[in-house]
Amino acid sequence: MKPFEYYAPETLEAAVEIMARYEEGVYPVAGGTDLIPKMRYGQIQPKVVVNLKRIPGLAEIVPQDDGSLKIGALATLTQVASSPKVRERYLMVAQIAGKMASVPVRNLATVGGNLCNAAPSADLAPPLIALDAEAVIFGPQGERRVPLEAFFTGPGQTVLGRGELLTAVVVPPPDPQARGTYIKHAHREALDIAIVGVAAWVRFEEGGSVCEDAHIVLGAVAPTPIRAREAEAAIRGAPLTEERIAEAGRLAAEAARPIDDVRGSAWYRREMVAVLTRRALFSVTISQ
Amino acid sequence: MNAKKYPLRLHVNGETYELEVKPQRTLLEVLRNELELTGTNEGCATGDCGACTVLLDGVPVTSCLVFALDAHERQITTIEGLGTTEALHPLQRAFVERGAIQCGYCTPGLIMSAYALLQQNPQPTEAEVRHFIAGNLCRCTGYTKVVEAVLAAAEVSEQ
């Protein structure tokens, strides 16, 4: 790896000021589990690296007054997986965080890193988008928030502008009438990347099986994680019957724009979107 | 490009080291090349194999994915911090006695992972062992004897 200038600022303002000095070649580092391999493979060659880990508070997981949960960008996957605050409110997020990569990597890798690297297969994105999470961004102009769904603009690309950092994601208060699940389809249980990931979140009418609202989010089958909105519309406002679930699977597969790669062909991915969407919807129906 | 060195204070196996390192050096490189603690091995250098696993502030991490400067003022435990040739750590003894070592390359990383597991869960089930060490690849043993050794060491420490 080539040398670079190294900063370890102790405030967010200082980090943003350093980041904003450079038009390119400046990279924040949190866990380092994506940055360091990319540097080693020569995919990126930073001129400046800004370590965010000395900034207090960025790793905290804090319930907000309105019932939402703020998950700091520097919270590690291990923290998220084991946090009772996450487990009790958003089990699907804690569960996938505890299955990504491996134990020693989960102790380093962060929520912010997983999202900012913006891999189409990033496992935290589909469940967090399904939960309507917001990205909290801090930059030279102060703080702004964007829906996490709108945070991703392409493979490895986000809405972050010059000098901007993702500081947290805020997940809305849990809905007692809603169930969610995320299914990751991969060859191996550990140290593997999703071939397809599907998150489903469904809110049921009180005491009934009528689906009031649904979010279906697909990972690894488009340049960014995407909502399958036509599939969602197909099940909204009616009981979740086998026929409707099958139709949602078909529409979700239509929404996918997968590619062929080493992990799977586009054809296979599209087929699996239908399968996993059905499986996810059955699973939230049964757990109802 | 500057090749500036930065001051670094590491606490490794109870000793404190004052160093100056280039910013691109990983913790693994500094442990091996500067401190000559060569028990920690480099396998893939991209966080997939676990051969470089050490404890950083008590939790196992792949030291190839940590900039050395990020370990400034933090506590590190390597395989050299567990036992000595004369007095093996119970995990090391169990690995030897159960034939859980063959070429030995992955062994320091596996033992550090197993050590971390037993610290937080002294009586793990076989499934818990297998899940916890999933980040440590071994091409010789097929893992069966490794898992047996970890469970045996857990029993020993219980007695």
Side-chain angles (χ1 to χ4, degrees), chain A residues 1-10 25 27-55 59 74 76-79 81-82 95 98-110 113 186 188-193, chain B residues 1-8 21-29 40 42 44-74 109-110 112-114 116-117 120-121 127-137:
Chain A
M1 290 190 284
K2 297 261 172 66
F4 47 79
E5 271 182 72
Y6 175 83
Y7 295 92
E10 291 181 3
Y27 289 84
V29 63
T33 59
D34 278 303
L35 185 78
I36 292 177
K38 281 183 190 169
M39 290 173 66
R40 202 172 283 280
Y41 290 131
Q43 291 167 352
I44 55 170
Q45 207 173 292
K47 289 180 206 154
V48 181
V49 170
V50 182
N51 183 355
L52 305 179
K53 283 209 283 231
R54 306 272 160 178
I55 303 171
L74 265 72
T76 63
L77 299 180
T78 299
Q79 265 177 278
S82 57
Q95 281 178 333
K99 285 184 181 169
M100 291 160 68
S102 65
V103 170
V105 172
R106 288 199 290 273
N107 285 334
L108 294 167
T110 64
R188 299 180 75 241
E189 220 179 291
L191 291 164
D192 207 353
I193 293 168
Chain B
M1 281 289 173
N2 70 27
K4 185 183 158 190
K5 288 190 174 183
Y6 294 75
L8 170 65
V21 302
K22 292 179 182 171
Q24 73 271 29
R25 293 286 166 250
T26 61
L27 177 58
L28 172 62
E29 290 167 334
T40 307
E42 176 177 289
C44 66
T46 52
D48 292 313
C49 79
C52 66
T53 304
V54 302
L55 304 194
L56 182 59
D57 292 336
V59 300
V61 300
T62 40
S63 61
C64 72
L65 295 185
V66 178
F67 285 126
L69 293 174
D70 196 22
H72 183 58
E73 294 279 20
R74 298 171 76 181
L110 262 169
M112 295 315 291
S113 276
L117 169 64
Q120 51 175 263
N121 181 1
E128 286 169 338
V129 174
R130 286 187 179 273
H131 277 100
F132 203 90
I133 65 171
N136 292 89
L137 303 187

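As a basis for the values below, the full set of heavy atoms in this structure was taken, side chains included, without hydrogen atoms, waters or symmetry mates. Chain letters run A, B, ... following the sequence lines, proteins first, then strands; residues in each count from 1.
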His131(B) side, atom NE2; Lys99(A) side, atom NZ - distance, nearest 0.5 Å:
7.5 Å

Heavy-atom proximity to chain B below 4.5 Å, by part of Arg106(A):
neither

Any side-chain heavy-atom pair from Gln24(B) and Val49(A) closer than 4.5 angstrom?
no

Just jot down the ring-ring contact (aromatic ring centres under 6.0 Å, His included) partners of Tyr6(A), sequence neighbours excluded, or say none.
Tyr6(B)

Give the table of side-chain donor-acceptor pairs shorter than 3.5 Å for residues 57-70 of chain B, with sequence neighbours excluded, one pair per line with atom names and distance.
unit_1: Asp57(B); atom_1: OD1; unit_2: Gln75(B); atom_2: N; d: 3.0
unit_1: Asp57(B); atom_1: OD2; unit_2: Arg74(B); atom_2: NE; d: 3.0
unit_1: Ser63(B); atom_1: OG; unit_2: Cys52(B); atom_2: O; d: 2.7
unit_1: Asp70(B); atom_1: OD1; unit_2: Asn51(A); atom_2: ND2; d: 2.8
unit_1: Asp70(B); atom_1: OD2; unit_2: Lys53(A); atom_2: NZ; d: 2.6

Using a cut-off of under 4.5 Å for heavy-atom pairs, which of Asp34(A), Val29(A), Leu191(A), Leu35(A) has the most such pairs with chain B?
Leu191(A)

Tell me if the CD atom of Glu189(A) is crowded by more than 12 foreign heavy atoms within 6.0 Å.
no

Let me confirm one number: the CD-NZ distance from Glu5(A) to Lys4(B), rounded to the nearest 0.5 Å.
7.5 Å

Please find the pair of heavy atoms, one from Gly135(B) and one from Ser102(A), that lie closest to each other, and give the distance.
CA-CB, 3.3 Å

